Amino acid sequence: MLTSVPVKKVLFLFLLIFPLFLQAQIDCEFWFAAPEVTSGHADRPILLHFSTFDRYADVVVSQPANPSFIPLKISLKDFSFGTIDLTPWIDIIENGEANAVVPSGLKISSTAEISAYYEVKGTGPYGTVNSEIYALKGQNALGNTFFLPFQNKYDNIAVTDWGPLYGAWAWFTVVATEDNTTLTITPSKALDGHPAGVPYQVTLNKGEVYTGQSLEKSAEGHPSGTKIESDKPVAVSISDDSVGSSTSYDLVGDQLIPVRLLGEEYVVGEGEVFVLPVEDNTEIIFGGGDTVVANQGQTVFYDAYQAMQVVADKPIYVFQVTYVGSGKTKELGGAILPPAPCTGSKAVAFTRDKREPYELRLLVRSGSECCFYFNGRFDIINGEDFEPVAGSNGEWLYATLDFPVGGDEQVFIDNVKSEFHLGLVLFDDGKRLGSRFGYFSNFASLELPPYVTGCEGDSLYLDAGYGKSFYEWSTGSSESSILVTESGDYSVKVALAGCDTLYAASEVKFYPKPAEFDLGEDFLLCENDSTLLETLDDTTLTYVWNTGDSTASLLVKEEGEYSVYVQNEAGCSQSDTVAITGVPLPRVELGNDTVLCAGQTMELLLPKGYSSYEWNSGNDSYSEVVSAKGTYQVVAVTTDGKKICGEAKDEISVDYAEVQPYNVFSPNGDQVNDAFVIDGIESRPWELSVYNRYGKLVYFAEDYANDWKADGLAAGTYFYELKGEGEGCTAFKGWVELVR
């Protein structure tokens, strides 16, 4: 199911409105491999949410490695949001086969910048359960080195209070964005099919997914610290299914960022924090006090009782598990946190079910807490709502705000002074169930891909991220993004609150496309004929027909629409489509010779759509009306516009019965008109019944011989019924006048 909804435009001090959940990683392309979630708990519906900004967007969701998957499309107006319900395809989207390569990776392409989110909104008898949000991070999700920051406190539940729960594990998924991608995976704990500490390799093609699964359900057995290296860009997600206690357990997970985007300074809200260093001898300080030294891949747990700064002397992952409720009713949600400095958003927006309460977690630099607008109102988020972040020496302020059931369905928040971070916790209709936790601030302070390739005639967007204080591109543009149509080096300088001027550059290369080719205009094809569709004869090219063929030419014998992509080694392609309409051989069947009654007509019908019809009467229609005795002949012809496909002919003889009753007779013995005479009944037996005006039978003969003289009957009008044997005209009704 696809739905799109326009979002009301609200004018704050500046127009920075970001529909749907939050301003997240804004991009034109996203890659994602959906986690397996056990159906024994709750695993559906699964949804993709999109939001647009100041441009109309056509969004396409495809599975590049699965040609049988028909891409899903949705068109969105500017400043609007939409949803695609993926549940009908859940069996080919979720990745539940451990230690296997499958073609289930999702690619999301858009004609304009959007944000995108994957949601598991598990629905069970108690409401929304086992649910989570995965913020898709666009280019910021792609990289070559990752570590897996699993939580190591909660087990995957094996036995619930109503029985065993199967299929709930710690999973990770890796999707490749290019062919011949080699992964090197070093498990920190034993995985299904692989022992701990022994690296192994997997090769993926574009759109293919590799899934790893823990061998143990215990928190200690989770593969936190597992290292994934790749020779080409990949996207990685983690999922911890049904973790918690036997009476309250939930799904936690998120899409990761690569090591290159990690920071050394984070701010966490109240909740459970799991820190993963990526280098040995990393010193980590919590809230300016507690200090831990940990090595690469070693998970450090810390229970944050308040908002606090987490600072390290080397890059770290920070994964936070938040919860609502307590004890046996604790509902969990998890998210990767962005580094605090030089990141964040000037404006965010989200939509919510008015039956659900929600919680906002706001982080902002000191001095900017005064300047929040909530749906255009200045009195909802106040400066006194914020508390100093422990360990930040007053530099950062944090607020946790609860909103009840009801209220606004669409929420827009902006800060007119500086960037901020926002976390959102959603619950199910007032029951504090089904916690969904998302941290959707921009994870990269400034990130341009170092190398960008395209094809001649195309255009590419280079995006420096929305909401910076200023932009200075090498092209002279001062916009957040630029449209590039020529090869060359492009760079940008930006400014963010509390940061020095940032600089990034990209080398853009447009490669030539294959030569153009033409499959020709749409045409007709005779039944039982064939035709050869030809493209380019070049052994360096690859060919992909919608029939599944991969040859330079295609022999076609049936009608249909045929399309082909011709791609060169640079990945640039040309395509064409031709529609072929089949022309059937004519089929003519007029039926058996027949006899009609006098005055009766008959229509001879042929199938419509033949090229020509020629009757011996001179008629050129597909039908002929018979009203006279004779032989009727027709010739039907079909052509493909160039030659005759075939012709068919038939004929039928039509006769008319010569039965002619006289309607007056006078049986007076003068030998003139003394009997009721019917001409034309001599050739076969005819049964005659005669009735008076009261419907009483006064005469009957099985084989009438024109000899009824109405003996003993008075003068007047009588009614007769004449029935004959055989085919054609076999029954007559009428009246006769008896004159004395």
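None of the values given here were measured: they were computed from a predicted structure.
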Any idea how Tyr118 and Tyr134 line up, ring-wise: parallel (<30°), tilted (30 to 60°), or perpendicular (>60°)? perpendicular
Taking it one step at a time, do Asp549 and Thr551 satisfy side chain to side chain donor-acceptor pair (under 3.5 Å)? CA-CA 6 Å; Asp549 293 274; Thr551 53; 5.1 Å; no
Search all heavy atoms of Leu256 against all heavy atoms of Leu148 and return the closest pair with its distance. CD1-CD2, 3.8 Å
State, to 0.1 Å, how close Ile90 and Asp43 come at their nearest heavy-atom pair, and which atoms those are. CD1-O, 3.6 Å
I want to check something: taking the side chain as every heavy atom from C-beta on, are Phe30 and Leu48 in contact at a cut-off of under 4.5 Å? no
Between Tyr56 (side chain only) and Ser75 (backbone N and O only), is there a donor and an acceptor less than 3.5 Å apart? no
Is a donor from one side chain sitting under 3.5 angstrom from an acceptor on the other, for Thr211 and Thr173? no
For Ser553 and Leu532, indicate whether the former's side chain and the latter's backbone hold a donor-acceptor pair under 3.5 Å. no
side-chain contact (heavy atoms from CB on, under 4.5 Å) between Ser104 and Asn66, intermediate numbers included: CA-CA 7 Å; Ser104 56; Asn66 181 8; over 6 Å; no
Does the pair Asp254 and Lys137 meet the rule for a side-chain contact (heavy atoms from CB on, under 4.5 Å), with working shown? CA-CA 10 Å; Asp254 204 355; Lys137 299 173 177 63; 3.2 Å; yes
Near Phe517 CZ, under 6.0 Å, is it more than 12 heavy atoms from other residues, nucleotides or ligands? yes
If only atom types and distance count, is the side chain of Asp640 paired as donor or acceptor with the main-chain N or O of Cys526 below 3.5 Å? no
Do Gln201 and Thr184 meet the criterion of a side-chain donor-acceptor pair at a distance under 3.5 Å? yes
Would Asp85 and Lys121 pass as an ion pair if we require N to O under 4.0 Å? no
Worked verdict on Asp192 versus Trp169 for side-chain contact (heavy atoms from CB on, under 4.5 Å): CA-CA 11 Å; Asp192 189 336; Trp169 299 94; over 6 Å; no
Hey, could you give me each pair passing ring-ring contact (aromatic ring centres under 6.0 Å, His included) that has a residue in residues 184-212? Not counting sequence neighbours. His194-Tyr200
To the nearest 0.5 Å, atom CG of Leu462 lies from atom OG of Ser481 at 8.5 Å
Are the side chains of Asp538 and Pro514 in touch, meaning some heavy atoms are under 4.5 Å apart? no
Any side-chain heavy-atom pair of Val59 and Ile114 under 4.5 Å: yes
Enter the distance from Asp240:CG to Trp171:CH2 here, rounded to the nearest 0.5 Å. 12.0 Å
Tell me the closest heavy-atom pair linking Ala116 and Phe50, and the distance in Å. CB-CD2, 3.9 Å
Side-chain donor or acceptor of Ser474 paired with backbone N/O of Ser491 under 3.5 Å: yes
If the condition is ring pair (Phe, Tyr, Trp, His ring centres under 6.0 Å), which residues does Phe437 pass it with, not counting sequence neighbours? Tyr439
Tell me whether Glu132 contacts the main-chain N or O of Gly334 through its side chain, where contact means a donor paired with an acceptor under 3.5 Å. yes
Around atom CG of Asp537, are there more than 12 heavy atoms from other residues, nucleotides or ligands closer than 6.0 Å? no
Using a cut-off of 6.0 Å, state whether more than 12 heavy atoms not belonging to Glu456 lie near its atom CD. yes
Mind checking the OG1-CD1 spacing from Thr145 to Ile228? Nearest 0.5 Å is all I need. 10.0 Å
Are any side-chain N or O atoms of Thr535 and backbone N or O atoms of Ala552, one a donor and one an acceptor, separated by less than 3.5 Å? yes
Using modelled atom types and a 3.5 Å cut-off, is there a donor and acceptor pairing between side-chain atoms of Lys189 and backbone atoms of Ser224? no
Does a side-chain heavy-atom distance below 4.5 Å link Phe146 with Pro149? no
Full working for side-chain contact (heavy atoms from CB on, under 4.5 Å) between Glu507 and Asp489: CA-CA 5 Å; Glu507 180 183 346; Asp489 294 326; 3.4 Å; yes
Please examine the side chains of Glu279 and Pro315, heavy atoms only from C-beta on, and report whether any two atoms are closer than 4.5 Å. yes
Might you point out which heavy atoms bring Pro35 and Ser239 nearest each other, and give the distance in Å? CB-CB, 3.4 Å
Ile93 versus Gln63: any side-chain heavy-atom pair under 4.5 Å? yes
List the atom of Arg44, the atom of Thr87, and the distance in Å for their closest heavy-atom pair. CB-CG2, 3.9 Å
Using 0.5 Å steps for rounding, measure from the CD1 atom of Ile336 to the OH atom of Tyr266. 8.5 Å
Thr453 versus Tyr451, side-chain donor and acceptor atoms under 3.5 Å: no
Are Asp463 and Asp27 side-chain neighbours, meaning at least one heavy-atom pair lies under 4.5 Å? no
Do other residues, nucleotides or ligands put more than 12 heavy atoms under 6.0 Å from Lys513 NZ? yes
Salt-bridge criterion met for Lys227 and Glu229 (N-O under 4.0 Å): yes
Taking side chain as C-beta onward, heavy atoms only, is Pro223 less than 4.5 Å from Pro187? no
N/O donor-acceptor pair under 3.5 Å between Asp280 side chain and Gln296 backbone: yes
Here the gap from Thr226 atom OG1 to Phe150 atom CZ, rounded to the nearest 0.5 Å, amounts to 7.5 Å
Residues Pro64 and Gly105: closest non-hydrogen pair is CD-O, 3.6 Å
Just by distance, no angles: are the side chains of Thr111 and Asp58 close enough, under 3.5 Å, to form a donor-acceptor pair? no
Tell me if the CD1 atom of Ile70 is crowded by more than 12 foreign heavy atoms within 6.0 Å. no
Donor-acceptor contact present, side-chain Ser477 to main-chain Glu479, <3.5 Å: yes
I need the Asn99 CG to Leu191 CG distance, nearest 0.5 Å. 8.5 Å
When you measure from the side chain of Ser214 to the backbone N and O of His222, does any donor-acceptor pair fall under 3.5 Å? no
